[in-house]
2 protein chains.
Amino acid sequence: MKSKYTTIIDIAKQLNISKSTVSRALTGHPNVKEHTRKAVLELASTMEYQRNSLALGFSKHTTHTVGIMVPEFMSTYFPSVIVGVQDVMQAAGYNVVICQQNESYETEVANMKLLLSYRVDGIIVSHTKETRNFDHFTLAQRRGVPLVFFNRVPEELNVPNVIVNDYEAAFQAVEHLIRIGRRRIAHLAGPDSLVNSRLRRQGYLDALKKHDIPYNPDLVLSYDLTIEKVKIYMKHFLDLATPPDALFAINDPTAIAAMEVVKAKGLRIPQDIAIVGFSNDLSAGLVYPGLTTVAQPTGEIGRMAAEMLLQELNAKVKNDYSIKKAPTTQLPTKLIIRESTVAKKK
Amino acid sequence: MKSKYTTIIDIAKQLNISKSTVSRALTGHPNVKEHTRKAVLELASTMEYQRNSLALGFSKHTTHTVGIMVPEFMSTYFPSVIVGVQDVMQAAGYNVVICQQNESYETEVANMKLLLSYRVDGIIVSHTKETRNFDHFTLAQRRGVPLVFFNRVPEELNVPNVIVNDYEAAFQAVEHLIRIGRRRIAHLAGPDSLVNSRLRRQGYLDALKKHDIPYNPDLVLSYDLTIEKVKIYMKHFLDLATPPDALFAINDPTAIAAMEVVKAKGLRIPQDIAIVGFSNDLSAGLVYPGLTTVAQPTGEIGRMAAEMLLQELNAKVKNDYSIKKAPTTQLPTKLIIRESTVAKKK
DNA sequence: CAAAAAATTGGGACCGTTCCCATGAAAAAT
DNA sequence: ATTTTTCATGGGAACGGTCCCAATTTTTTG
């Protein structure tokens, strides 16, 4: 089957010169007569020549394309990280291909194979909540494809990554709840498979300890981030003999779903129960009452991850993280206080 | 530079057979001895063979990959369409590459060239609000790459598309406002470059006409969808000598931004001003008061667009839309009534 | 003006895969 | 046993670009 695309050979034939010369003219090689170059560029334009990146990447073993894999994109967190990545990567002359896992481990493996089969030069990753096996990541590394992780970084792997101080941020969030007088603070935690979920829980525990509040296991539940379940867990909390007077939720969608349950039960936020989320999703500022949450610099996370990937790509000598420690960038968070923890003064 | 990837030639050498046989074994060609096939598959697995899609697509002129181009993805509309597209496409054995334009025409053109240079088999598109020139789309068609549009469909092009009845949906939304007794209904419209924006405005106008409400030009403003501007326009509406008692906004982010302005001014929703949005963004149900809005079947839109693209890809004879009418699929909308138009009964 | 240097161009290998065609081997039919 | 058919394999072209090397032309230099 003959392709409808114009090739450099078509151009060469028309101008009665060799394809080598056409290639040189198009790529800006210095050794081409100005007159020849002009003729080539003109014809290429009228014939709507469109370089074949497949042929190019195939022959050069480099595609100037990077992938970004995110577990989901229904909250604003990952989309805005992606925008940051695109900013930096496009400025550096790279294309960015986005893959979305729907929180499925199988899709993650499939997407990784897809990106590798298209020979991307590097990949930025945040893994799914299901991911417990990391072979697909080490495979990429063995292939010489650098990875940079963000947000969800596997402890098992020594890889460059961009994170926030989840422990500290959680600690401060819970301390804020304690400062406004809450003592029975519940925590809807994420699955233990996620490092940041474990860190946030630890921050919660240590904040309690610092303020001499005994840890009450009844008030901590880990769940799998499928939002529908929040209803069950939240009802359970509210039906306790002495229900909590505050909730620290693993993320904003969880916090918002919890708010719905609280409001449906006729309780007041924050008077009866104060609520804190995590990540400052766009909707956190829109719900009623406004949700107190830990803001993450999402755009900056994306830009930093991209910068780190560029560093890997431009390294004259490939960094070998089996022998040296991989770099980490930690970015600051900020507690955004809204009405879900502090009643508005009228 | 030698690549780190295993090739079929490596496998062939190891097994002392020809690369043709290896290829046949890997692709499942019938004419391979069971014993040989087993040996090849085993070695391929231990050597972590990863087919080179670049070489394949390059040589076969088909990549089994489709692109999807969306103008932005900070609202939940486009992400959930994308999920629908991925569902269908992955089931059909296609890969999906996502491009995001940030509402920039230049990025759109660049992304189109990127997808074409990677020789995707087809593209699903919703264009940016800036797009007024459609050459990059006709270029794809000339190259034999089928396009399917959704949501934002250029009138100038005869292309397969998936839409909702924007006119009718807007008509019903405005009629709903009239039914609850509103007469001074303002409309924050989108830019005229978008067909659906024009259709929604027409629906607004015709609903007024049907109910003998004279059209008041002071109450209609077109804007460019940069959310910060809503503040200006909304203030303008509220400062009119006789301010509107209802607002029909082009989309949910606009409506929600408008609600902020109304609330900041101390007015009550819906008592002083009722508000309706469009698309049923996730946040529409979260804001206070809940936003009445027109729900679109986003997942289904994505799935239908994918189905239509598959139809194009599988057509034995390529459809030539310069001579015949392109198919349209119209999906139903549903007006979701929340507290922003009807006060909750206590 | 001849020789050397520089600029421009052409030729062809290479990248990894598929697929067509030819060849050889085994199985089936006479 | 010989011919025919089927099955299994190998060889090599093709895809579109880049790049190295050689050949040719132009320019510079002594």
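In this structure, the ring pair (Phe, Tyr, Trp, His ring centres under 6.0 Å) partners of H64(A), at least two apart in sequence or on a different chain, are Y94(A). E155(A) is linked by a side-chain contact (heavy atoms from CB on, under 4.5 Å) to V195(A), R198(A), counting only residues two or more places apart in sequence or in another chain. F149(A) meets the ring pair (Phe, Tyr, Trp, His ring centres under 6.0 Å) test with F137(A); sequence neighbours excluded. In this view, R132(A) satisfies the salt bridge (Lys or Arg N to Asp or Glu O under 4.0 Å) rule with no residue, not counting sequence neighbours. Among residues two or more places apart in sequence or in another chain, the side-chain contact (heavy atoms from CB on, under 4.5 Å) test is passed with T65(A) by T63(A), N95(A), V97(A), V120(A), Y118(B). In this structure Y321(B) satisfies the ring pair (Phe, Tyr, Trp, His ring centres under 6.0 Å) test with no other residue, sequence neighbours excluded.
T21(B) has a side-chain polar atom (N or O) that falls below the 4.0 Å cut-off from OP1 or OP2 of dG10(D). Side-chain nitrogen and oxygen atoms of T7(B) include none within less than 4.0 Å of the OP1 or OP2 phosphate oxygen of dG16(C).
Evaluation of the ring-ring contact (aromatic ring centres under 6.0 Å, His included) test over residues 5-29 of chain B, restricted to residues two or more places apart or in two chains, returns none. Listed by first and then second residue, the salt bridge (Lys or Arg N to Asp or Glu O under 4.0 Å) pairs that reach into residues 81-108 of chain B are D87(B)-R303(B), E103(B)-R152(B), sequence neighbours excluded. Screening residues 17-30 of chain B for salt bridge (Lys or Arg N to Asp or Glu O under 4.0 Å) gives no qualifying pairs among residues at least two apart or on separate chains.
Note on the helix from dC1(C)-dG30(D) to dT30(C)-dA1(D): angle between the axes of the first and last five pairs equals 40°, rounded to 10 degrees.
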Atom pairs under 3.5 Å, N or O on each side, protein against nucleotides 19-23 of chain C: can you list them with distances?
from	atom 1	to	atom 2	distance (Å)
dC19(C)	OP1	K60(B)	NZ	2.7
dC19(C)	N4	S20(B)	OG	3.3

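Toward the 5′ end of DNA chain D lies the nearest nucleotide of N16(B), the other residue of the pair N16(B) and F58(B) mapping further downstream.
When only modelled atom types and interatomic distance are considered, Q100(A) and Q86(B) share a side-chain donor-acceptor pair under 3.5 Å.
The CD1 atom of I17(A) sits 14 Å away from the C1' atom of dG11(C) (whole-angstrom rounding). Between I8(B) atom CD1 and dG12(D) atom C1' there is a gap of 13 Å when expressed in whole angstrom units. Remark: C1' of dC19(D) and CG of L26(A) are 15 Å apart, rounded to the nearest angstrom. For R119(A) and dC15(C), the CZ to P distance is 14 Å, given to the nearest whole Å. Atoms CG (L15(B)) and P (dA8(D)) sit 17 Å apart, rounded to a whole Å. Put simply, NZ on K4(B) is 18 Å from P on dC15(C), counting in whole angstrom units. Spacing between atom CG of N52(A) and atom C1' of dT17(C) amounts to 14 Å, rounded to whole angstrom units. dC14(C) atom P lies 11 Å from atom CD1 of I9(B), rounded to whole Å.
Near DNA chain C, defined here as any heavy-atom distance below 4.0 Å, the residues from residues 31-51 of chain A are N31(A), V32(A), K33(A), T36(A), listed numerically.
If you check every strand for non-hydrogen atoms under 4.0 Å, L54(A) touches nothing.
Ring geometry, F134(B) versus H127(B): the interplanar angle exceeds 60°, so the pair is classed perpendicular (tilted spans 30 to 60°).
For S59(B), counting side-chain heavy atoms from C-beta on, the closest listed nucleotide (dG16(D), dG10(D), dC15(D)) is dC15(D).
For the side chain to side chain contact (heavy atoms under 4.5 Å, CB included) with M69(B), the qualifying choice from I98(B), L115(B), I124(B), T107(B) is L115(B), the only one to do so.
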